[in-house]
Chemist: 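Just dropping this structure here.
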Amino acid sequence: MKKLFVMMFGAALAAHAFADGKPLVISTDGTYPPFSEMASDGQMTGFDIDIGKALCEQMKRECRFEQLDWEGLIPALKTNKVDVILASMNDTPERRESIAFTDPYYSNPGLFVRAAGSKVEPTAEGVKGKVVGVLRASIFDNYVTAKFPDADIQRFTSQEDANAAAVAGRVDLLFADKIVMDGFLQHDEGKNFEAVGETDDPEYFGAGIAIGVRKEDNALREDLNAALKAIKENGAYKKVNDKYFKYDISGGTTQ
């Protein structure tokens with residue numbers, strides 16, 4: 001089981017914690033660079049983490065970050081173990097049956113990646129009998145399960161594990177977030193791979209990538225929406241965006 005990693009910050013914000021004295025607990029999976037990953041010092045880092053910090057600073061809330069496996073994020077939220085999911089999660093109709101979402105904080109299609117020259121095509125016929133690697137219980141898992149009935153779908157608990165399996169030759173086609181896959185292709189581990197197509201089919205990708213909260217926490221959702229709007233207007237979002245990306249991923253202005 002993964003260790004629980006907690007980051008506390010903003011001692012000056014302690015006076016603004018929940019009325020019951022508890023901080024806002026923000027969860028992500030920590031295995032999805034550049035959005036979240038574990039740094040060499042054992043702390044979580046990445047775009048999602050820095051956006052979370054900016055939101056908490058804007059709301060003047062004490063926050064902490066907890067790492068959980070992807071599959072455990074929604075169950076942890078629904079059972080009050082965490083208060084917020086900030087984990088590059090798409091706002092989809094299926095997930096809205098369980099939890100509520102803020103406005104999107106970025107948008108991004110899915111990208112298919114294959115070994116260079118392999119000729120594996122991301123079609124139902126092209127992946128027949130081939131191994132497709134995805135993050136378990138993700139929109140990418142849902143998509144390939146529906147679209148590629150004759151593929152051998154391998155579901156991984158982290159994208160890092162899926163990528164490693166492809167490098168080892170055990171996966172013929174990867175499907176994940178475009179920015180994450182672009183990062184894979186730009187590093188040494190992905191030097192022998194190539195992009196082969198992308199999609200943002202709204203049936204599976206929903207309304208964009210948003211922050212998850214419990215359905216009953218409408219006040220918190222509104223606070224997060226207001227803070228998200230504010231950090232886009234005051235430049236804090238752009239500062240985080242530019243730290244990780246050479247282009248605006250917000251789906252709109254970050255100014």
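The structure displayed is predicted, hence computed values, not measured ones.
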Chemist: Could you tell me the separation between the OH atom of Y32 and the CD atom of E37, rounded to the nearest 0.5 Å?
Modeler: 13.0 Å
Chemist: Test Y244 against D50 for side-chain hydrogen bond (donor to acceptor under 3.5 Å, both in side chains), laying out the working first.
Modeler: CA-CA 10 Å; Y244 294 96; D50 288 351; 2.8 Å; yes
Chemist: Would you say N241's side chain and Y237's backbone share a donor-acceptor pair under 3.5 angstrom?
Modeler: no
Chemist: Say you draw a straight line from NZ of K229 to CD of Q58; how long is it, rounded to the nearest 0.5 Å?
Modeler: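 CD of Q58 is found 10.5 Å from NZ of K229.
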Chemist: Any side-chain to backbone donor/acceptor pair from E71 onto T157? Under 3.5 Å, distance only.
Modeler: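 Not at all, since once roles are kept as given, no pair shorter than 3.5 Å links the two residues.
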Chemist: Give a yes or no answer on whether the side chain of Y105 reaches the backbone of S88 with a donor-acceptor pair at less than 3.5 Å.
Modeler: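 Side chain of Y105 to backbone of S88: a pair is present.
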Chemist: Would you say D91's side chain and R96's backbone share a donor-acceptor pair under 3.5 angstrom?
Modeler: no
Chemist: Is the backbone N or O of V131 less than 3.5 Å from a side-chain atom of D172, with the two atoms forming a donor-acceptor pair by type?
Modeler: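 Checked: pair present.
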Chemist: Counting neighbours of NZ on K215 that are heavy atoms of other residues, nucleotides or ligands and sit closer than 6.0 Å, is the number greater than 12?
Modeler: yes
Chemist: For L77, is there any backbone N or O sitting under 3.5 Å from a side-chain donor or acceptor partner on R214?
Modeler: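 Answer holds: yes.
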Chemist: Assess the side chains of D248 and S250: does a donor N or O sit below 3.5 Å from an acceptor N or O?
Modeler: yes
Chemist: Looking at every heavy atom in both G52 and L86, which two are closest together, and how far apart are they?
Modeler: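 Looking at all heavy atoms of both residues, the closest pair is CA-CD1, 3.6 Å.
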Chemist: Under a 4.0 Å N-O cut-off, is there an ion pair linking D217 with R221?
Modeler: no
Chemist: Could you tell me the separation between the OG atom of S138 and the CZ atom of R136, rounded to the nearest 0.5 Å?
Modeler: 10.0 Å
Chemist: To the nearest 0.5 Å, tell me how far E233 CD sits from L228 CG.
Modeler: 10.0 Å
Chemist: Keeping the roles fixed (side chain from T102, backbone from I211), state whether a donor-acceptor pair exists under 3.5 Å.
Modeler: yes
Chemist: Less than 4.0 Å between a side-chain N and a carboxylate O, is that true for D150 and K130?
Modeler: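 Salt bridge between K130 and D150, a charged N being under 4.0 Å from a carboxylate O: no.
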Chemist: May I ask you to check whether over 12 heavy atoms, not counting those of E222, lie within 6.0 Å of atom CD?
Modeler: yes
Chemist: Quick check: does any side chain N or O of R95 sit under 3.5 Å from a backbone N or O of N90, one acting as donor and the other as acceptor?
Modeler: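 Yes; at least one donor-acceptor contact below 3.5 Å.
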Chemist: For D182 and K178, run salt bridge (Lys or Arg N to Asp or Glu O under 4.0 Å): C-alpha distance rounded to whole Å, both residues' side-chain angles, the deciding distance at 0.1 Å, then the answer.
Modeler: CA-CA 6 Å; D182 281 344; K178 183 177 187 296; 3.1 Å; yes
Chemist: Test side-chain hydrogen bond (donor to acceptor under 3.5 Å, both in side chains) on D29 and T31; report intermediate values, then the result.
Modeler: CA-CA 6 Å; D29 75 339; T31 63; 3.0 Å; yes
Chemist: Is the gap between the ring centers of Y106 and F35 under 6.0 Å?
Modeler: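 Yes, the ring of Y106 comes within the 6.0 Å limit of the ring of F35, centre to centre.
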Chemist: Please report the interatomic distance CD1(I179) to CG(N108), rounded to the nearest 0.5 Å.
Modeler: 4.0 Å
Chemist: Within the 4.5 Å heavy-atom criterion, are M89 and I74 side-chain neighbours or not?
Modeler: yes
Chemist: Could you walk me through whether Q159 and D177 satisfy the side-chain hydrogen bond (donor to acceptor under 3.5 Å, both in side chains) test, starting with their C-alpha distance in whole Å, then the side-chain angles of each, then the deciding distance to 0.1 Å, before giving a yes or no?
Modeler: CA-CA 10 Å; Q159 190 59 44; D177 184 295; over 6 Å; no
Chemist: Using 0.5 Å steps for rounding, measure from the CG atom of L220 to the CG atom of N225.
Modeler: 9.5 Å
